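Shown next, in structure tokens, is the structure this report addresses.
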Amino acid sequence: MNLRNAHDIRDAVNSGKVSAREVAEAALKRVEAADGALGAFLTLEPELVLKRADAISRTAKEKPLPLAGVPIAIKDNICTRSLRTSCASRILDRYIPAYSATAVQRLENAGAVIIGKANCDEFAMGSSTENSAFKVTRNPYDLDRVSGGSSGGSVVAVAAGMAPLALGSDTGGSVRQPASFCNVVGLKPTYGRVSRYGLVAYASSLDCISPIANNAQDIALLLACIAGRDEHDATSATVPVPDYSEELSRPFSGMRLGIPKEFFGEGLDPEVKSIIEAGIRNAGSLGCELIEVSLPHTGYAIADYYIIAPAEASSNLARFDGVRYGYRTPSPEDLLDMYKRTRSEGFGEEVKRRIMIGTYALSSGYYEAYYGRAMRVRTLIKRDYDRAFEKVDALLSPVSPTPAFKIGEKISDPLAMYLSDIYTVTANLAGIPAMSIPCGFTRAGLPVGLQILANQFREATLLHLAKAYAEAFPLATPQLKA
Ligand code: GLN
């Protein structure tokens, strides 16, 4: 069974051609064959999956469902009722949520079948999935290389054909960068487009639950199911949700595309650069006008993001204190010792580093110099985009300065790891939608994604361009290694 296309599966299940159980069995079989080598999943409950699939088949007989029987992988920082949600952290190793995230609930209402919980960097902090407390997720195109992160498990589940859809979260690039490394499509929506209720908070003003699939049409389908106002999240937008699939059915007639010159400077791998430049020429040949634009504050983005995100993280992660959730140290001397030991033992190195940086940036005497200033720089970055979108409909850029790097290559150098987020963090700081689409392969056979960005709530623009691009320039894909 082809597990790469969600539309085909849902049509087959709705028409009764195949049962949701057959689909789920095929997905579980693929997981069994490939996941030993890849490490995409942290929690699998095959019996629950089959039970749920049977229930879907019964419902689909009565009325068609938008995601009838479609297997989906859910990143392990998104709450799933009665299903372990560890955030790839020892501190939540045995946490079983009492409720599901709104996005998950909406997917289940649409008939999707959660196939398992996907590995990620601990609390979504990282760019390689090496910060998981439990395992590394490997790249299906080269098993010695990272999948990217932090949503590595979700992306690999889709890339390796274990599920046609996945949910990840993108705070600074965590869906787009692994999508780029593994040849799939990942869309970070506008901030507020999808409810964050039930997404374990990392940096609340940046976090976005984000869809992952093999093509733009499936992203449209998934996004339509999860988007829209939710009374459980005050930051979720009241803006109406367009019919994305309907918009995609219209012919593509070109648009104005901006090329931000600051995204092509020092540090960009020459092979990635030439693949992206070819992608830009391709996009131009679709009847699009190519215009050079400037985003002058891009150079401050990494410093800005790595103040704001840790500051919010230090506050959000204060709740993991051994009292309310998850792990508690076994024999503390007193209350203070309990807090200290629980957090020292429960959090990994990178999470502790972020908590310390964030606490420092927010401390009295430093707050203005760091956090206050970072918030003003954030406004300048947002204004750069506002100006660019006066002239163009979308922007094109690399997703990541390099293809997937070797496992272990950057893990002991946090600064090098942070710098690899240079092209993705500004979309989160500005709150705009951004997408990674497959663009090409290096000589060594590693995927390279092209980033497309649009103004707030213009997801349909991105999906339209992505679909037209993929249809006009299909890629020959190398054999997967698992
Ligand atoms: N790599 C970035 C970080 O570590 C982004 C992570 C994310 O988007 N969740 O913060």
Side-chain angles (χ1 to χ4, degrees), residues 74-78 87-89 118-133 137 146-155 166-181 186-189 191 194 196 199-212 301-317 347-358 361 374 378 399-402 404-405 409-411 413-436 449 451 453:
I74 306 285
K75 186 176 182 178
D76 211 28
N77 63 346
I78 302 176
C87 295
S89 179
N119 196 22
C120 54
D121 286 299
E122 184 175 5
F123 286 104
M125 297 175 192
S127 311
S128 65
T129 312
E130 293 168 289
N131 292 334
S132 166
T137 300
V146 300
S147 56
S150 65
S151 310
S154 298
V155 158
L167 283 188
S169 65
D170 191 311
T171 300
S174 275
V175 155
R176 287 163 286 155
Q177 183 254 29
S180 165
F181 283 8
L187 167 68
K188 179 204 100 66
Y191 181 80
V194 176
R196 289 183 295 111
L199 168 65
V200 178
Y202 159 19
S204 311
S205 77
L206 303 162
D207 295 340
C208 293
I209 290 183
S210 301
I212 299 156
I302 287 293
D304 199 42
Y305 174 85
Y306 279 99
I307 294 290
I308 293 173
E312 294 185 18
S314 71
S315 164
N316 277 324
L317 270 56
F347 290 134
E349 289 305 303
E350 183 59 29
V351 173
K352 286 181 199 164
R353 183 178 296 120
R354 307 267 178 124
I355 292 173
M356 284 187 279
I357 294 172
R378 182 176 186 172
V399 176
S400 171
T402 65
F405 41 89
E409 189 180 323
K410 295 195 184 181
I411 195 68
D413 185 353
L415 208 55
M417 191 77 91
Y418 297 171
L419 285 171
S420 71
D421 298 335
I422 176 71
Y423 305 130
T424 49
V425 294
T426 51
N428 301 77
L429 291 165
I432 61 172
M435 191 169 179
S436 174
Q451 180 168 234
L453 309 97

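What you see is a predicted model; the values in this text were computed from it and never measured. In each ligand, atom 1 is the first atom listed, and ligand 1 is the first ligand listed.
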**Report entry** atom 3 (C) of ligand 1 [closest protein heavy-atom partner, distance rounded to 0.1 Å]
**Finding:** Y306 OH, 3.2 Å

Requested in this report: Answer yes or no: is there a side-chain heavy-atom contact under 4.5 Å between D76 and N119?
Outcome: no

Report summary line: Checking heavy atoms under 4.0 Å, the part of F123 that sits near ligand 1 is neither

Query raised in the report: Does A309 have a non-hydrogen atom less than 4.0 Å from ligand 1?
Result: no

Query raised in the report: Are R354 and E350 close enough, and set up right, to give a salt bridge (charged side-chain N to carboxylate O under 4.0 Å, His left out), and what steps lead you there?
Result: CA-CA 6 Å; R354 307 267 178 124; E350 183 59 29; 2.7 Å; yes

Query raised in the report: Heavy-atom distance under 4.5 Å between the side chains of S151 and C120, does that happen here?
Result: no

**Report entry** Which of the ligand 1 atoms, numbered from 1, are nearer than 4.0 Å to a heavy atom of A124
**Finding:** 6 (C), 7 (C), 9 (N)

Query raised in the report: Heavy atoms, side chains only, cut-off 4.5 Å: are M125 and S150 in contact?
Result: no

Query raised in the report: Heavy atom of E350 under 4.0 Å from ligand 1?
Result: no

Requested in this report: Assess Y418 for proximity to ligand 1: is some non-hydrogen atom of it under 4.0 Å away?
Outcome: no

Query - Proximal ligand 1 atoms for G126, defined as those under 4.0 Å from one of its heavy atoms - result: 1 (N), 2 (C), 3 (C), 4 (O), 6 (C)

Query raised in the report: Looking at ligand 1, does any of its N/O atoms fall within less than 3.5 Å of an N/O of K75?
Result: no

Query raised in the report: Under 3.5 Å between some N or O of ligand 1 and some N or O of M125?
Result: no

Query raised in the report: Going by the atom numbers of ligand 1, which of them fall below 4.0 Å from some non-hydrogen atom of S127?
Result: 1 (N)

Query raised in the report: Closest heavy-atom contact between N316 and S204?
Result: ND2-OG, 3.0 Å

Report summary line: Taking every heavy atom of Y305 against every heavy atom of P310, the minimum-distance pair comes out as O-CD, 3.5 Å

Query - Interfacing atoms of ligand 1 (cut-off 4.0 Å, heavy-atom, R354) - result: 3 (C), 4 (O), 10 (O)

Requested in this report: Using a 4.0 Å heavy-atom threshold (strictly under), name the region of D421 that reaches ligand 1: side chain, backbone, both or neither.
Outcome: side chain

Report task. Would you check the N or O atoms of D170, main chain and side chain alike, for any that come under 3.5 Å of an N or O of ligand 1? Result -> no

Report summary line: Here the pair of heavy atoms bringing S314 nearest to G358 is OG-C, 3.5 Å

Query raised in the report: Just checking, is any N or O donor in the side chain of K75 or S154 under 3.5 Å from an acceptor N or O on the other one?
Result: no

Requested in this report: For G172, counting its heavy atoms only, list the atoms of ligand 1 lying under 4.0 Å from any of them.
Outcome: 5 (C), 7 (C), 8 (O)

Requested in this report: Can you pull out the closest protein heavy atom to atom 5 (C) of ligand 1? Residue, atom name and distance to 0.1 Å, please.
Outcome: Y305 OH, 3.3 Å

Query raised in the report: Do we see a donor-acceptor contact under 3.5 Å between the side chains of D207 and S169?
Result: no

Query raised in the report: When you check the side-chain N and O atoms of S127 and Q177, is any donor under 3.5 Å from an acceptor?
Result: no

**Report entry** Pi-cation contact, F347 with K352 (under 6.0 Å, within 45°)
**Finding:** no

Query raised in the report: Hey, does S174 come in under 3.5 Å of ligand 1, counting only N/O atoms on both sides?
Result: yes

Report summary line: ligand 1 to S150, heavy atom cutoff 4.0 Å, flagged ligand atoms 9 (N)

